[in-house]
Novice: 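Supplied in structure tokens, the structure appears directly below.
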Protein chains: 2
Amino acid sequence: MKASVARSGESARSRAGKRSGTPRVGSHRLGTRGRPEESRAAILKAAVAEFAEYGIAGARTDAIARAAHVNKALLYYYFKDKDALYEAVMDHVFGGLRARVMPVLESELAPRQKMLEYVAAYYDYIAANPRFPRVVQAEWMRPGAGSSRMQRVAREHFRPIFEKVAGVLRLGIEAGEFRAVDPIDFLPSVAAIIVFYFSAAPVIKALAKVDALSESRIRERRAFVLDFISAALFR
Amino acid sequence: MKASVARSGESARSRAGKRSGTPRVGSHRLGTRGRPEESRAAILKAAVAEFAEYGIAGARTDAIARAAHVNKALLYYYFKDKDALYEAVMDHVFGGLRARVMPVLESELAPRQKMLEYVAAYYDYIAANPRFPRVVQAEWMRPGAGSSRMQRVAREHFRPIFEKVAGVLRLGIEAGEFRAVDPIDFLPSVAAIIVFYFSAAPVIKALAKVDALSESRIRERRAFVLDFISAALFR
DNA sequence: ATAATCTAACCAAACGGTTAATTCTATGAA
DNA sequence: TTCATAGAATTAACCGTTTGGTTAGATTAT
């Protein structure tokens, strides 16, 4: 038996489901002459799901194309290769985070309030896109994680956030409101607490018999995260 | 050009480095009639490194065999398939954690002290095996993460830890020493703070220009983790 | 002898990526 | 208005490699 690692029940389906050579006429046809923006977006969205589900090496370009209702060659028309597609996905994910979080960090709030709103915004963004942590962890898992591409992503998206939060920390500590913490320890810890829960959701589901992603659980978790970090940081 | 995603500089090396068909005569030859325990262990060790580096789908059985100085077919002699090998790796990793942490949790310490030592033991285990978080996150990334195999791992290795820590929490809270936290929130948060740092080390290295895995940094991080969790949990 | 351990050589399937052609739309000259 | 046409968008059919996995046999300790 082959394919123990491959996704299950896929082998026989490959050719099935496409009755003829003519393009599928779904309710919402893309493909031939359907606005190109839409095709690109559909590919990106499908790629997010596929990378989140199977990781970067496990993701199948065929599957992405199929999910986007698009011919595989179109992937390579819009994106240089699988790797470039993944990079676009990363930019999508981190760009979204940055857009959500920077306004808060650039606001005129007092350190304490600003930190709380930063954490809340971060959490809400992830909670609204629970697949993203898995996509990102796929990057961590990439061979040679210190690659130039990854440094670019770090610089472009993380740096600004990192520096702003470090600034807030400094202010809060100087004002005696925060306990003294090193940004290089604090920032990844906040990210960890927020992100880890979602990527580990299946395990949590297996451990306790709770649905870790239910609406109520996500709301509870939000309160916990804010409370936990507050207690850890504020004097 | 192919192989953009494949590890770099591997293509041409595949056949090179093996001068003839005769088994390599390293300083520490395994292979033909070298104690079987050693072969198994070598395979497992190589598998840990390979899975940690490339993830579960990205790991190559050829590479594992090569790194273990063993013929690829031997992998399949000792382990049913790639998947079973990965499962063995998981058991190795989690079994080690459990062995390290359970004695602490079964000791007679007071809640506060016991919790501190639990966190410290957890941290030390990971710090001593910084590859493990990546191996484990490969599991998170596995298709159908709620699979039966993963439930087995969760039940066998996490459950006991989970329940013991939950007990410590209850005692501490009842005694008024701990702030009231839900185990289902607290436990993954602790794991997150400990584990995330190591798996994100390359990114951290790219962000700040610090070596996230230097000895001094790991020591500092240890103090931070204990302090951070103490502040967040203890009244 | 014989059973456990180990190997070289091999294979079919899966996969990332390419090619050559086809369809559609916008543009502008007649 | 019409019509030719350039070029963007899209596709079916391929292709060469890589990869997990197998096989049939060799080697060695007992």
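All chains are named by letter (A, B, ...) in the order of the sequence lines, taking the proteins before the strands, and each is independently numbered beginning at 1.
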Novice: Please determine, for the side chain of B/Ser39, which listed nucleotide (C/dT7, C/dT19, C/dC6) has the closest atom?
Specialist: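 Out of C/dT7, C/dT19, C/dC6, the nucleotide with an atom closest to B/Ser39's side chain is C/dC6.
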Novice: Does B/Tyr76 make a side-chain N or O approach to OP1 or OP2 of D/dG21 shorter than 4.0 Å?
Specialist: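 For D/dG21, OP1/OP2 do have a side-chain N/O of B/Tyr76 under 4.0 Å.
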Novice: Please figure out whether B/Lys72 or A/Lys72 has its closest DNA chain D nucleotide nearer the 5' end.
Specialist: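 Upstream on the strand: A/Lys72.
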Novice: With a 4.0 Å cutoff (strictly under), does any side-chain N or O of B/Tyr77 reach OP1 or OP2 of D/dG21?
Specialist: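 No, outside the criterion.
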Novice: Nearest-Å distance, NZ (B/Lys80) to P (D/dG20)?
Specialist: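 Those two atoms, NZ and P, are 15 Å apart.
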Novice: Which nucleotide wins on minimum distance to the side chain of B/Arg60, given the candidates C/dG17, D/dG20, C/dC6?
Specialist: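 Selected nucleotide (nearest to the side chain): D/dG20.
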Novice: Within this structure, what is the CD1-to-P distance between A/Ile64 and C/dC15, rounded to whole angstrom?
Specialist: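 It works out to 12 Å between those atoms.
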Novice: I'd like to check the side-chain hydrogen bond (donor to acceptor under 3.5 Å, both in side chains) partners of A/Asp124; sequence neighbours left out, ordered by chain and number.
Specialist: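 By the side-chain hydrogen bond (donor to acceptor under 3.5 Å, both in side chains) rule, A/Asp124 matches A/Arg222.
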Novice: In terms of side-chain heavy atoms of A/Asp81, which of C/dC6, C/dG17, C/dT19 is nearest?
Specialist: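 Nucleotide nearest to A/Asp81's side chain: C/dG17.
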Novice: Can you check the A/Leu74 CG to D/dA12 P distance for me, whole Å?
Specialist: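 Going from CG in A/Leu74 over to P in D/dA12 covers 11 Å.
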Novice: Can you name the nearest heavy-atom pair linking B/Pro130 to B/Pro133, along with the distance?
Specialist: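 Distance-wise, the nearest heavy atoms are O-CD, 3.3 Å.
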Novice: Name the orientation class of the two ring planes belonging to A/Tyr86 and A/Phe51 (parallel below 30°, tilted from 30 to 60°, perpendicular beyond 60°).
Specialist: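 Ring orientation of A/Tyr86 relative to A/Phe51: perpendicular.
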Novice: Check if the side chain of A/Asp62 and the base of C/dA14 share a donor-acceptor pair of N or O atoms closer than 3.5 Å.
Specialist: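 Answer is no: no donor-acceptor pair is held.
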Novice: Between the side-chain atoms of A/Lys82 and the base atoms of C/dG17, is any donor-acceptor pair under 3.5 Å?
Specialist: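 Result: no qualifying N/O pair found.
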Novice: Which salt bridge (charged side-chain N to carboxylate O under 4.0 Å, His left out) pairs, counting each pair once, include a residue from residues 185-205 of chain B, with sequence neighbours left out?
Specialist: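 For residues 185-205 of chain B: A/Arg217-B/Asp185, A/Arg221-B/Asp185, B/Lys205-B/Asp211.
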Novice: Starting at CG of A/Asn71 and ending at P of C/dG16, how long is that distance when rounded to a whole Å?
Specialist: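 Those two atoms, CG and P, are 15 Å apart.
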Novice: Taking only the side-chain nitrogens and oxygens of A/Thr61, find out if one of them lies under 4.0 Å from OP1 or OP2 of C/dG16.
Specialist: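 Result: yes.
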Novice: Quick check on ring pair (Phe, Tyr, Trp, His ring centres under 6.0 Å): which of A/Tyr197, A/Phe198, A/Phe224 does A/Tyr123 satisfy it with?
Specialist: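 Passing option: A/Phe198.
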Novice: In whole angstroms, how far is the C1' atom of D/dT22 from the CG atom of B/Leu75?
Specialist: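 Going from B/Leu75 (CG) to D/dT22 (C1'), I get 13 Å.
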Novice: C/dA14 C1' sits how many Å from A/Arg66 CZ, rounded?
Specialist: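 Rounding to the nearest Å, CZ of A/Arg66 and C1' of C/dA14 are 12 Å apart.
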Novice: Figure out the CG/C1' separation between B/Leu85 and D/dT19, and round it to whole Å.
Specialist: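 About 15 Å, once rounded to whole Å.
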